[in-house]
Amino acid sequence: MANIAIFVSGNGSNCENIIRYFSGNQEISVALVISNKADAYALERAGKYNVPTAVITRAELADESRMIALLRQYGIDYIVLAGFLLMIPQYLIRNFNRRMVNIHPALLPKYGGKGMYGHYIHEAVRAANEKETGITIHYVSEVCDGGEIIFQARVAVSPTDTPDDIQASVHRLEMEYFPSIIEKVIKQ
Ligand code: GRF
């Protein structure tokens, strides 16, 4: 059994979608959801499916022996970042080399890096009059949003789309593709 830990900070719609996708799977299981926010809605979503959860502070995330012990306790083989807003420490990137993936709601390398998260991304896409946007699923490396790209999907942006509209169409792509790409990464 390959065990996944999903790291979240907020709403958790991707987290729930991934949990659902793998529920009943004999080879891959979501074994833990980790949040840096005690009030993240993602934790409630995980609770609905009886997936164990842990809340960690920024200091705990930086504490290698503590985090590695937590991940070992649940036999974690893969880490999925699904809306996790803290920087990932070096030791975790090293330990989970090619076993940690992130989803970014734009077509990297465009609209990535510092300050590019959530609504800021879709506002920037609108302001630049982009004709298309999309999602990028990538391995996590030392460069923020710069790890090797695994998969991208595109969607058209029409001139009348608001940032909210853009967010909605990007969200549809996330729901459609993220779980099956995670599965491919694990099974390759
Ligand atoms: C998603 O747009 C994801 O691409 C980004 O953070 C957002 C998380 O949304 N990294 P949710 O918490 O899964 O609803």
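Whatever order the structure lists ligands and atoms in, that order sets their numbers, starting from 1.
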Student: So, taking the atom named CZ in Phe151 and the one named CG in Leu173, what distance separates them when rounded to the nearest 0.5 Å?
Tutor: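 Phe151 CZ to Leu173 CG: 8.0 Å, rounded to 0.5 Å.
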Student: Show every salt bridge (Lys or Arg N to Asp or Glu O under 4.0 Å) that has at least one partner inside residues 25-45, sequence neighbours left out.
Tutor: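 Qualifying pairs: Glu16-Arg45, Glu27-Lys187.
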Student: Can you run down the salt bridge (Lys or Arg N to Asp or Glu O under 4.0 Å) pairs that involve residues 149-168, sequence neighbours left out, and say none if there aren't any?
Tutor: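 The answer is Glu132-Arg154.
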Student: With hydrogens left out, which residues have an atom under 4.0 Å from ligand 1, given that only heavy atoms count?
Tutor: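 Residues Asn11, Gly12, Ser13, Asn14, Gly83, Ile103, Pro105, Glu174 each place a heavy atom under 4.0 Å from ligand 1, listed by chain and number.
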Student: Who are the side chain to side chain donor-acceptor pair (under 3.5 Å) partners of Tyr91, not counting sequence neighbours?
Tutor: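 For Tyr91 there are no side chain to side chain donor-acceptor pair (under 3.5 Å) partners, ignoring immediate neighbours.
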Student: May I ask you to test the Ile186-Ile4 pair for a side-chain heavy-atom distance under 4.5 Å?
Tutor: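 Touching, per the 4.5 Å side-chain cut-off.
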Student: Please check if the number of heavy atoms outside Tyr21 that lie under 6.0 Å from its OH is greater than 12.
Tutor: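 Yes, the 6.0 Å shell around OH holds more than 12 heavy atoms from other groups.
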